[in-house]
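What follows is a set of notes on a single structure, which appears directly below.
Every chain is numbered from 1 and lettered A, B, ... according to where its sequence line falls, protein lines coming before strand lines.
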Amino acid sequence: MGVDVAYKDENALTVGVLFSWPELKQQNIFYRVDKVHFPYIPTLLSFREGTIIIRFLKNLPMKPNLLMVNAHGIAHPLKCGCASYIGLLTDTPTIGVAKRVICGEIIKSKDENITYLQYDNKNIGAILNSDKKSKEIVVSPGHRVSLKTAIQITIKTLKSYRLPIILEEAHRKAAKLLLELLN
DNA sequence: GCGACAG
DNA sequence: ATCTTGTCGC
């Protein structure tokens, strides 16, 4: 399931789109509206969006096998980004995909065809589409998923958009529903 | 002290 | 993220 949040003043619309694997066919769409209770502060996205997404997840009629969030996982100064936070508190395998690096340095592997994000002398994430800056994304493990698996799964969900189709669809649906419900 | 800073 | 027209690039 891909999840994203769209905002309108103090209201937050969370949308989750469930996909089949590995066919990647859209199965179901869920959404929920909540009030925002925390401002956006870099490195503290969990307190704003994490709390909202967790509330959304706990009210679902089912439990996703895997969650993809538009945020960082362990590629975070405290090794606990919003994707990690969400996966941890809902006990769900989670992958974080962001559009910009928040910490660490980009290192091209000598023997692998992978561009890693290193921090504290460890690979905490990977840069995909690193050859094209306008399309590059940062992938990192959120919870119960290894970096290797996070990279493999994310690559398989990349289509014609910058973000994985799972997140792209959640983002679009959120924007569309926001107009219908909160405008 | 200065700059950078996911969504 | 959101506010917003035209516009540069693939």
Roughly, in whole Å, what's the span from [atom1] in [X] to [atom2] in [N]?
{"X": "A/Y85", "N": "B/dG7", "atom1": "OH", "atom2": "C1'", "answer": "15 Å"}
{"X": "A/L44", "N": "B/dA4", "atom1": "CG", "atom2": "C1'", "answer": "15 Å"}
{"X": "A/I52", "N": "C/dA1", "atom1": "CD1", "atom2": "P", "answer": "14 Å"}
{"X": "A/K99", "N": "C/dT2", "atom1": "NZ", "atom2": "C1'", "answer": "13 Å"}
{"X": "A/I102", "N": "C/dA1", "atom1": "CD1", "atom2": "C1'", "answer": "15 Å"}
{"X": "A/K132", "N": "C/dG9", "atom1": "NZ", "atom2": "C1'", "answer": "8 Å"}
{"X": "A/L178", "N": "B/dG7", "atom1": "CG", "atom2": "C1'", "answer": "14 Å"}
{"X": "A/R162", "N": "B/dG7", "atom1": "CZ", "atom2": "C1'", "answer": "13 Å"}

- Decide, yes or no, whether a salt bridge links A/E168 with A/R172 under the criterion of side-chain N to carboxylate O below 4.0 Å. yes
- Query: Just checking A/T43: base, sugar-phosphate only, or nothing, at a heavy-atom cut-off of under 4.0 Å?
  - Reply: base
- Touch check for A/A6, heavy atoms < 4.0 angstrom, all strands: base, sugar-phosphate only, or nothing? sugar-phosphate
- Task: List the steps and the verdict of side chain to side chain contact (heavy atoms under 4.5 Å, CB included) for A/S20 and A/K25.
- Result: CA-CA 5 Å; A/S20 63; A/K25 294 302 177 188; 3.5 Å; yes
- Message: Are more than 12 heavy atoms, taken from residues, nucleotides or ligands other than A/K63, located less than 6.0 Å from that residue's NZ atom?
- Response: yes
- Message: How about CG on A/N65, more than 12 heavy atoms from neighbouring residues, nucleotides or ligands closer than 6.0 Å, or not?
- Response: no
- For A/Y40 and B/dG7, say yes or no: do the ring centres fall under 5.5 Å of each other while the ring planes differ by less than 30°? yes
- Not counting sequence neighbours, list each pair that qualifies as a side chain to side chain donor-acceptor pair (under 3.5 Å) and has a residue in residues 32-50 of chain A. A/Y7-A/E49, A/N11-A/K35, A/R32-A/D34
Do you know which two heavy atoms are closest between [X] and [Y], and how far apart they sit?
{"X": "A/V36", "Y": "A/A12", "answer": "CG2-CB, 3.9 Å"}
{"X": "A/S84", "Y": "A/G73", "answer": "OG-C, 3.0 Å"}
{"X": "A/S140", "Y": "A/I124", "answer": "CB-O, 3.3 Å"}

- Query: Do A/T94 and A/T92 have side-chain atoms, one donor and one acceptor, less than 3.5 Å apart?
  - Reply: no
- Task: Determine whether the side chains of A/T149 and A/S146 contain a donor N or O and an acceptor N or O closer than 3.5 Å.
- Result: yes
- Message: Less than 4.0 angstrom between a side-chain N/O of A/K135 and OP1 or OP2 of C/dG9, yes or no?
- Response: no
- Of all the choices, C/dT2, B/dC5, B/dG7, which nucleotide is nearest to the side chain of A/P42 once you look at every atom? B/dC5
What's touching nucleotides 3-7 of chain C from the protein side, N or O pairs under 3.5 Å?
none

So do the side chains of [X] and [Y] get within less than 4.5 Å of each other, counting heavy atoms only?
{"X": "A/F30", "Y": "A/P61", "result": "yes"}
{"X": "A/F19", "Y": "A/E169", "result": "yes"}
{"X": "A/F56", "Y": "A/I52", "result": "no"}

- Task: For A/E136, enumerate each residue passing the salt bridge (charged side-chain N to carboxylate O under 4.0 Å, His left out) test, keeping only those at least two apart in sequence or located in another chain.
- Result: none
- Can you sort out which residues in residues 140-161 of chain A have a heavy atom within less than 4.0 Å of DNA chain B? Ascending by number, please. none
- What stem regions, each of at least 3 consecutive Watson-Crick or G-U pairs below 3.5 Å, can be found for DNA chain B? none
- Query: Where each pair must be Watson-Crick or G-U wobble with both distances under 3.5 Å, what dot-bracket representation of DNA chain C is obtained, with crossing pairs in [ ] and other-strand partners as |?
  - Reply: ..........
